There are 2 protein chains.
Amino acid sequence: MENLDDILKIDPDASVRFYKKKEFVQRKGGAKAYSFYVKKGLLRSYIIDSKGKEHVFMFASEGWIIADLEAIEFDEPTSLFIDCLEDSEILIFNKNCFLKADLSKEKIVEHLQLLYRRMAKLQRRVLMLMSSPAIDRYTHFVSAYPELPQRIPQHMIASYLGITPQALSTIRRKIAESK
Amino acid sequence: MENLDDILKIDPDASVRFYKKKEFVQRKGGAKAYSFYVKKGLLRSYIIDSKGKEHVFMFASEGWIIADLEAIEFDEPTSLFIDCLEDSEILIFNKNCFLKADLSKEKIVEHLQLLYRRMAKLQRRVLMLMSSPAIDRYTHFVSAYPELPQRIPQHMIASYLGITPQALSTIRRKIAESK
DNA sequence: TCGATTTGTTAATCTAGATGAATGTTCCCT
DNA sequence: AGGGAACATTCATCTAGATTAACAAATCGA
């Protein structure tokens with residue numbers, strides 16, 4: 001999604017790190033939030049609500065950037081947990097490096113373009129959450145990210161869709177039956 | 001939020017128009033999607049689902065930009081309706097004008113910054129939709145946008161929150177009782 | 001390799017919020 | 001000013017999905 005080398009050149013503080021499956025890249029309550037470029041592997045971000053339940057905000061596989069934008073933008077303590085679903089190689093950097101003066105205008109515009117695309121995806125996510133039943137959200141997810149279901153346990157997909165693992169199990173049975 | 005004069009200078013095709021309350025600025029199915037800067041008044045965007053129900057995606061008052069980003073980014077027909085809740089003065093422009101070469105780098109970076117903030121708000125919206133009960137979403141909305149409830153009918157706020165007007169009415173009664 | 005954790009499924013019961021309907025109120029519009 | 005539409009509230013009923021629990025299968029770690 002974003003070019004690794006660009007980031008490394010731009011942000012002198014950027015660093016590459018290797019993580020094991022289940023390791024945390026960020027925890028809730030951290031004072032400073034970074035952005036994470038996934039060079040290899042698979043990450044997920046999620047919150048834990050007042051009842052202790054996890055809610056997956058997003059997944060990020062190779063080439064994606066994952067971050068707690070709310071914390072970064074408004075300088076709040078982080079509210080998201082970010083951990084690894086697979087052993088991963090991650091580039092840690094400051095999102096603000098994209099605002100730096102020594103970056104070419106073309107690069108910035110390119111970055112702007114990517115941001116717009118992600119906003120458009122988020123728009124779709126909100127609309128789906130509000131207006132579509134769980135089964136439609138699931139089929140949309142599978143067709144939008146066909147490679148992810150194979151790498152992600154179903155209960156996490158359920159969480160991403162805003163339903164319980166049991167509900168997703170039932171949905172999948174119904175889909176299988178109707179074919 | 002964004003500077004009106006900037007847009008006018010940058011996009012030669014940008015135009016200002018006055019709309020009456022209830023007039024449509026965009027309808028579903030349009031081939032070309034524009035961005036709308038609200039100089040004065042109040043707009044809302046929404047979809048109509050397969051059962052004919054409206055779901056408000058966002059409101060935009062003075063200084064905000066409202067657009068169907070999905071349609072713009074992926075060159076799809078528009079899926080959102082956008083109409084006026086008040087008589088409004090609207091600047092219509094091409095989002096792509098922000099990518100233009102004759103825009104100073106500082107302006108682009110400024111714009112990038114605004115985009116990040118809006119992404120952060122969308123992150124919060126998704127998290128709230130997934131993890132918070134309707135009453136919390138309502139109180140969050142009221143405290144985040146205290147001026148809007150006075151200008152927006154409750155059934156549209158309910159729609160924005162993802163609940164029915166009846167449910168919002170009940171929530172408001174409970175809040176009033178508990179005080 | 002074996003116990004333990006993680007994962008997925010099924011079923012019974014429960015609940016937040018949807019639906020549908022009736023009623024009153026406020027706001028327009030001409 | 002007055003009649004119709006839009007708005008808000010209340011209540012009775014319904015339902016998608018949550019919750020709880022029990023169990024089987026797959027995976028993992030030592």
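Just so it is clear, the model here is predicted, and its values are computed rather than measured. We name chains A, B, ... by the order of the sequence lines, and we start the count at 1 in each one.
Ion pair B:Lys95/B:Glu73 flagged as a salt bridge, since at least one NZ, NE, NH1 or NH2 atom sits closer than 4.0 Å to an Asp/Glu carboxylate oxygen. The pair A:Lys39-A:Glu89 counts as a salt bridge, with a side-chain nitrogen and a carboxylate oxygen less than 4.0 angstrom apart. A salt bridge links A:Arg44 to A:Asp83: at least one charged side-chain nitrogen sits closer than 4.0 Å to a carboxylate oxygen.
Which of D:dT19, D:dG17, C:dA21 sits closest to the side chain of A:Ala167 comes down to D:dG17. For B:Lys21, the listed nucleotide lying nearest its side chain is C:dC28; candidates were D:dT20, C:dC28, D:dC7. When the nucleotides C:dG20, C:dT9, C:dT6 are ranked by their closest atom to the side chain of A:Arg172, C:dT9 comes out on top. Closest contact between the side chain of B:Ser169 and the listed nucleotides C:dC28, D:dT10, C:dT9 involves D:dT10.
Contact check of residues 154-165 of chain B against DNA chain D (heavy atom, cut-off under 4.0 Å) returns B:Gln154, B:His155. Residues from residues 125-146 of chain A lying near DNA chain D, meaning a heavy-atom separation below 4.0 Å, are A:Pro133, A:Ala134 in numerical order.
One interatomic measurement links the two molecules: CG of B:Leu168 to C1' of C:dA18, which rounds to 14 Å at whole-angstrom precision. Per the geometry, CD belonging to A:Gln166 stands 15 Å off P belonging to C:dA12, to the nearest Å. Look at CG on B:Leu85: it is 16 Å from C1' on C:dC27, rounded to the nearest Å. The distance from atom NZ of A:Lys51 to atom P of C:dT15 is 11 Å, rounded to the nearest whole Å. Here the P atom of nucleotide C:dA16 and the NZ atom of B:Lys174 are 8 Å apart, to the nearest Å. Atom CD of A:Glu54 and atom C1' of C:dT7 are 14 Å apart (whole Å). Following rounding to the nearest Å, A:Arg151 (CZ) and C:dT7 (C1') show an atom-to-atom distance of 19 Å. In this structure, B:Asp83 places its CG atom 13 Å from P of D:dA6, rounding to the nearest Å.
The line from CD of A:Glu62 to CG of A:Leu43 is 9.5 Å long, rounded to the nearest 0.5 Å. The NE2 atom of A:His140 sits 6.0 Å away from atom CZ of A:Arg124, with the distance rounded to the nearest 0.5 Å. Atoms CG and CD, on A:Leu69 and B:Gln123 in that order, are 5.5 Å from each other to the nearest 0.5 Å. Here the SG-CD1 distance, from B:Cys84 to B:Ile82, works out to 9.5 Å after rounding to the nearest 0.5 Å.
Applying the side-chain contact (heavy atoms from CB on, under 4.5 Å) criterion to B:Asp87, with sequence neighbours excluded, gives B:Lys20, B:Lys21. Residues meeting the ring pair (Phe, Tyr, Trp, His ring centres under 6.0 Å) test with A:Tyr145, sequence neighbours left out: A:Phe141.
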Pairs under 3.5 angstrom only: tabulate donor-acceptor contacts from the side chains of residues 155-164 of chain A to other protein residues two or more places apart or in another chain.
| residue | atom | partner | partner atom | Å |
| --- | --- | --- | --- | --- |
| A:Ser159 | OG | A:Glu54 | O | 3.3 |
| A:Ser159 | OG | A:Val56 | N | 2.8 |
| A:Thr164 | OG1 | A:Ala167 | N | 3.2 |

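Between C:dT9 and A:Arg173, no contact under 4.0 Å exists linking OP1 or OP2 to a side-chain N or O. In terms of phosphate contacts, B:Lys53 brings a side-chain nitrogen or oxygen within less than 4.0 Å of OP1 or OP2 of C:dT19.
Direction change of the helix axis from one end of the helix from C:dT1-D:dA30 to C:dT30-D:dA1 to the other is 60°, with five pairs defining each end axis (rounded to 10°).
Criterion: ILVMFWY side-chain heavy atoms under 4.5 Å apart, direct or through other members. Under it, A:Val142 and A:Ile152 are part of a common hydrophobic cluster.
For the side-chain contact (heavy atoms from CB on, under 4.5 Å) test with B:Ser61, the passing option among B:Leu85, B:Leu42, B:Ile66 is B:Leu42; the others fail.
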